[in-house]
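Letters A, B, ... mirror the listed sequences (proteins, then strands); counts begin at 1. Excluded from the calculations below are hydrogen atoms, water molecules and symmetry mates; all remaining heavy atoms, backbone and side chain alike, are included.
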There are 2 protein chains.
Amino acid sequence: MRRAATVYMYFPQRPSAIYDVRVLIELDHASSTPLYEQVAAAIRREIAEGALRGGDELPSARTLAGALGINLHTVLRALRVLRDEGILDIHHGRTARVVAGASADQALFHQALGAAAAHGRRLGLSAEDAARYLTQAYGT
Amino acid sequence: MRRAATVYMYFPQRPSAIYDVRVLIELDHASSTPLYEQVAAAIRREIAEGALRGGDELPSARTLAGALGINLHTVLRALRVLRDEGILDIHHGRTARVVAGASADQALFHQALGAAAAHGRRLGLSAEDAARYLTQAYGT
DNA sequence: CGCACTGTTCTATTTCATATAGAACAGTGT
DNA sequence: ACACTGTTCTATATGAAATAGAACAGTGCG
């Protein structure tokens with residue numbers, strides 16, 4: 001869950017209103033994990049939390065890049081990662097959509113897999129060995 | 001689990017003997033994970049599997065570097081990583097030793113695997129599919 | 001159709017972690 | 001004393017990540 005903050009700011013278009021702002025994506029340029037991975041993880045989390053649902057349209061890559069203050073190509077790389085995971089549906093002239101079947105569960109699954117893979121790598125286990133252990137854990 | 005191989009080789013110092021060789025550390029120069037992390041992971045695994053126990057002495061960094069065909073500084077960096085994790089005890093003129101208490105990593109790994117398996121089952125994924133996704137998440 | 005969007009592809013450049021190399025230094029134990 | 005150990009220093013080569021800009025090609029809408 002992302003922290004929500006009540007922000008006091010004056011919007012000329014909509015005066016006399018106070019908004020509860022939820023941080024959707026927050027990047028850490030100092031982190032060792034690549035920016036494109038951070039973006040992909042953020043979108044996965046949004047899907048997992050239900051903020052993004054199947055069929056939902058994402059903002060264009062250029063829009064995201066502008067809002068996040070990062071390069072277009074960095075965003076596109078993140079989108080491609082999610083496409084390869086079957087989470088996003090990307091076509092040429094259209095904007096990216098969340099795959100219908102890509103429920104919150106699928107995003108959570110990939111999130112859990114990523115954590116498990118990280119632990120496995122830390123232990124020096126090969127991908128094959130980790131996969132074998134997962135199959136074993138499945139049977140339980 | 002590391003594969004064990006029976007190797008046929010003639011040692012003049014010890015003739016008439018066949019050895020069962022277990023690969024302790026194997027590096028992949030093409031991998032995206034840094035060499036020093038691979039070395040650290042290998043040592044973590046040896047500890048997790050009981051091949052290295054608390055108080056055990058490691059070979060000198062120069063010896064390891066020579067045997068692995070990598071640079072001294074790369075090995076030293078791996079050792080420093082493990083020292084910062086409280087796994088190794090390193091002092092100036094002495095060779096590194098394994099700290100007495102070590103490794104909840106393996107438990108964490110299996111814990112993460114269990115969570116991933118639970119999610120996979122919830123999605124109706126087969127064990128084979130989940131294992132395939134894990135291999136993909138591993139990335140190499 | 002015309003137009004403004006979309007993602008795609010290409011070349012180039014900058015930056016930084018990784019890895020290498022070699023030398024000199026300083027602590028440890030026999 | 002001596003042969004080992006890790007430590008520290010400078011230097012260089014390499015590749016991934018990120019940026020930048022341009023041109024290309026598909027989509028949807030008035």
Taking only residues two or more places apart in sequence or in another chain, which ones pass side-chain contact (heavy atoms from CB on, under 4.5 Å) with [X]?
| X | result |
| --- | --- |
| A:Ala117 | A:Arg121, B:Leu134, B:Ala137, B:Tyr138 |
| A:Asp28 | A:Ala30, A:Ser31, A:Gln38 |
| A:His29 | A:Leu35, A:Ile70 |

Euclidean distance, atom [atom1] of residue [X] to atom [atom2] of [N] [Å, nearest integer]:
| X | N | atom1 | atom2 | value |
| --- | --- | --- | --- | --- |
| A:His29 | C:dT14 | NE2 | P | 20 Å |
| B:Glu57 | D:dC4 | CD | P | 15 Å |
| B:Arg83 | D:dG6 | CZ | C1' | 10 Å |
| A:Leu64 | C:dT6 | CG | C1' | 13 Å |
| B:Ile90 | D:dT5 | CD1 | P | 14 Å |
| A:Leu35 | C:dT14 | CG | C1' | 15 Å |
| B:Leu58 | D:dC4 | CG | C1' | 16 Å |
| A:Gln38 | D:dA18 | CD | C1' | 13 Å |

Self-check item: A:Leu82/A:Arg44 under side-chain contact (heavy atoms from CB on, under 4.5 Å): CA gap, chis, key distance, verdict
Solution: CA-CA 8 Å; A:Leu82 296 175; A:Arg44 276 195 218 99; 3.7 Å; yes
Partners meeting side chain to side chain donor-acceptor pair (under 3.5 Å) with [X] (sequence neighbours left out):
| X | result |
| --- | --- |
| A:Gln111 | none |
| B:Thr63 | B:Ser60 |
| B:Arg132 | B:Asp129 |

Quiz item: For residues 57-74 of chain A, which residue pairs qualify under salt bridge (charged side-chain N to carboxylate O under 4.0 Å, His left out), counting only residues two or more places apart or in two chains?
Solution: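 Listed once each, the pairs are A:Glu57-A:Arg97.
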Quiz item: With sequence neighbours excluded, what pairs up with B:Glu128 under the salt bridge (charged side-chain N to carboxylate O under 4.0 Å, His left out) test?
Solution: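 Not a single residue meets the salt bridge (charged side-chain N to carboxylate O under 4.0 Å, His left out) criterion with B:Glu128.
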Quiz item: For residues 69-79 of chain A, which residues have at least one heavy atom under 4.0 Å from DNA chain D?
Solution: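 Contacts with DNA chain D under 4.0 Å: A:Ile70, A:Asn71, A:His73, A:Thr74, A:Arg77.
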Quiz item: Can you give one letter per nucleotide of nucleotides 25-30 of chain C, 5' to 3': B if a protein heavy atom sits under 4.0 Å from the base, S if only from the sugar-phosphate, - if neither?
Solution: -BBSS-
Quick one: side chains of residues 74-81 of chain B, donor-acceptor pairs under 3.5 Å with protein atoms, not counting sequence neighbours, listed by atom name and distance.
none

Quiz item: Within the structure, does a side-chain N or O atom of B:Tyr36 lie under 4.0 Å from either OP1 or OP2 of C:dT18?
Solution: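 Looking at the OP1 and OP2 atoms of C:dT18, one of them is under 4.0 Å from a side-chain N or O of B:Tyr36.
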Quiz prompt | OP1 or OP2 of D:dT5 under 4.0 Å from side-chain N/O of B:Ser60 | solution =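 For B:Ser60, the contact criterion (side-chain N or O under 4.0 Å from OP1 or OP2 of D:dT5) is met.
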Quiz item: Taking five pairs at each end, how big is the angle between the two axes of the helix from C:dC1-D:dG30 to C:dT30-D:dA1, to 10°?
Solution: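 Inter-axis angle at the ends, rounded: 30°.
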Self-check item: Single-linkage hydrophobic cluster, 4.5 Å side-chain cutoff, A:Leu52 and A:Tyr36 together
Solution: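 No; tracing contacts between hydrophobic side chains, which count when under 4.5 Å, never links both residues.
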